[in-house]
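What follows is a single structure, written as structure tokens, with notes after it.
These numbers were taken from a predicted model, which means no experiment stands behind them. For the numbers below, each heavy atom of this structure counts, side chains included, while hydrogens, waters and symmetry mates do not.
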Amino acid sequence: MGNIKIWQSGMAKNITFIVTKDCQLACKYCYLVGKNSKERMPWEVAKQAIDYILNHEEDFREESVVWDFIGGEPFLEIELIDKICDYLKTEMFRKNHHWFNSYRFSFSTNGINYDSEKVQRFIEKNKEHLSIGITIDGTKKKHDLNRIWKGDGPEKGSYDSVVRNIPLWLNQFHNAGTKVTISSADIPYIKESVLHLYSLGIHEVNINCVFEDVWKEGDDELFEKQLISLADSIIDNGYYKDYTCSFFSEHIGKPLDCKLENQNWCGAGKMLAIDAAGYFYPCTRFAQYSLRSKNAWIIGNINDGIDQNKLRPFLTLDRCTQSAQECIDCEVASGCAWCQGENYDAANTPTIFQRSTAICKMHKARVRANNYYWNKLFRKLELEGTRAEYERNKQMLNDKVC
């Protein structure tokens with residue numbers, strides 16, 4: 001347990017290796033528009049990136065680090081990842097680096113080859129420092145609507161290939177949560193999908209709308225109805241005692257004072273991403289395969305290091321410098337998220353200081369449903385005389401997670 005306390009002692013630096021741009025799936029909502037099977041990270045590039053980072057300890061002062069691995073599908077490159085992680089552990093120990101024993105290896109996987117021998121061997125070797133999330137979108141109908149196999153033939157969903165690995169995953173990572181993505185086409189399946197994930201034994205459902213401009217007229221109304229219906233099910237059936245859904249939060253839907261709460265929502269610039277060619281990015285969303293209409297925003301490379309002049313604009317970002325006055329004055333501004341990469345990609349000039357507002361109406365619908373949820377829940381708890389007990393249990397759960 002000691003390493004957990006060390007890990008929690010400070011904010012972590014997120015460093016991402018884009019180990020491959022390949023994936024078995026062709027998810028319809030995926031923001032990675034340039035996936036391919038050719039760009040795979042060579043070991044020499046990974047090693048040189050690690051050497052640069054660990055040899056410049058003074059430039060990476062965060063107390064902890066998340067070594068993040070993405071694709072495409074990262075577990076397609078499990079042998080490379082295993083070699084990278086072994087080298088990281090050895091070098092952090094050898095250098096007596098301040099990140100030694102204060103790190104995590106993090107993965108978001110489609111779960112298809114989770115049960116493979118090589119992946120399981122890697123998990124067994126690194127389990128004490130692992131965070132792994134398997135993406136399953138809900139019911140078979142919702143999941144297979146978007147998360148389809150790559151190929152030229154008839155569409156084929158991947159639900160069956162993923163759900164078979166959920167019991168193994170949950171047995172290994174008891175508190176693991178999944179990430180669910182909502183796009184226009186699958187709004188009608190939100191309620192049943194969240195409840196289905198609960199039935200699989202997943203207690204934490206992190207769920208969000210895509211940031212891209214895909215929303216149709218009336219989507220916000222359908223969204224609100226789904227969330228209100230989901231709220232009724234969670235409260236009436238007591239799921240709120242042991243399960244969470246990130247759509248419902250006590251901290252959203254309030255006005256913000258930019259003088260007091262002017263931080264940037266996104267961590268771009270405070271993170272670091274490395275691709276197969278050895279280029280550095282402020283986050284993966286600024287790599288070329290993530291961008292529809294803009295050029296990649298490169299902030300350095302493994303040979304020359306980080307160019308602070310190219311990084312500096314990200315360090316000056318805050319809420320007010322990129323938000324329209326309507327967003328600053330919004331009565332329900334808190335909890336309205338944005339992605340810096342999507343801001344850049346959607347802007348009418350090559351700037352990161354123009355906030356995309358494609359999800360505005362969806363956020364407002366979420367807030368209305370969120371208010372309904374908490375009003376109903378607290379009314380129920382007050383009538384039962386159990387609100388104090390609920391608050392104690394919630395605090396105990398938060399303490400356990402931390």
Under the 3.5 angstrom rule, does the side chain of T20 hit a backbone N or O of R40 as a donor-acceptor pair? no
Donor-acceptor contact present, side-chain D186 to main-chain Y189, <3.5 Å: no
Mind checking what makes salt bridge (Lys or Arg N to Asp or Glu O under 4.0 Å) contact with K21, not counting sequence neighbours? E39
Residues forming a salt bridge (Lys or Arg N to Asp or Glu O under 4.0 Å) with D220, sequence neighbours excluded: none
What orientation do [X] and [Y] show, parallel under 30°, tilted 30 to 60°, or perpendicular over 60°?
| X | Y | answer |
| --- | --- | --- |
| F378 | Y390 | perpendicular |
| Y103 | F105 | tilted |
| F107 | F69 | parallel |

Which pairs pass disulfide bond (SG atoms under 2.5 Å apart) with one or both residues in [range], sequence neighbours excluded?
| range | result |
| --- | --- |
| residues 332-377 | none |
| residues 216-281 | C258-C320 |
| residues 20-58 | none |

Work out which heavy atom in I190 is nearest to a heavy atom in Q226; give both atom names and the distance. N-OE1, 3.3 Å
Distance-minimising heavy-atom pair for E91 and L54: CB-CD1, 3.6 Å
Got a second to check how far D304's CG is from F280's CZ, nearest 0.5 Å? 9.5 Å
What do the steps show when you test D160 against R164 for salt bridge (Lys or Arg N to Asp or Glu O under 4.0 Å), and what is the final call? CA-CA 6 Å; D160 292 336; R164 66 183 177 84; over 6 Å; no
Apply salt bridge (Lys or Arg N to Asp or Glu O under 4.0 Å) to K376 and D232, showing your working. CA-CA 8 Å; K376 176 169 181 170; D232 286 336; 2.8 Å; yes
Any ion pair linking [Y] and [X] (charged N to carboxylate O, less than 4.0 Å)?
| X | Y | answer |
| --- | --- | --- |
| K125 | D86 | yes |
| K156 | D144 | no |
| E384 | K380 | yes |
| E261 | R319 | no |
| E326 | R355 | no |

Between D22 and S37, is any side-chain donor less than 3.5 angstrom from a side-chain acceptor? no
Is there a ring pair (Phe, Tyr, Trp, His ring centres under 6.0 Å) between H56 and Y52? Walk through the geometry before answering. CA-CA 6 Å; H56 290 78; Y52 169 79; 4.3 Å; yes
Would you say the rings of F223 and F247 are close, in the sense that their centroids are separated by under 6.0 Å? yes
Who passes side-chain contact (heavy atoms from CB on, under 4.5 Å) against K179, sequence neighbours left out? T181, N208
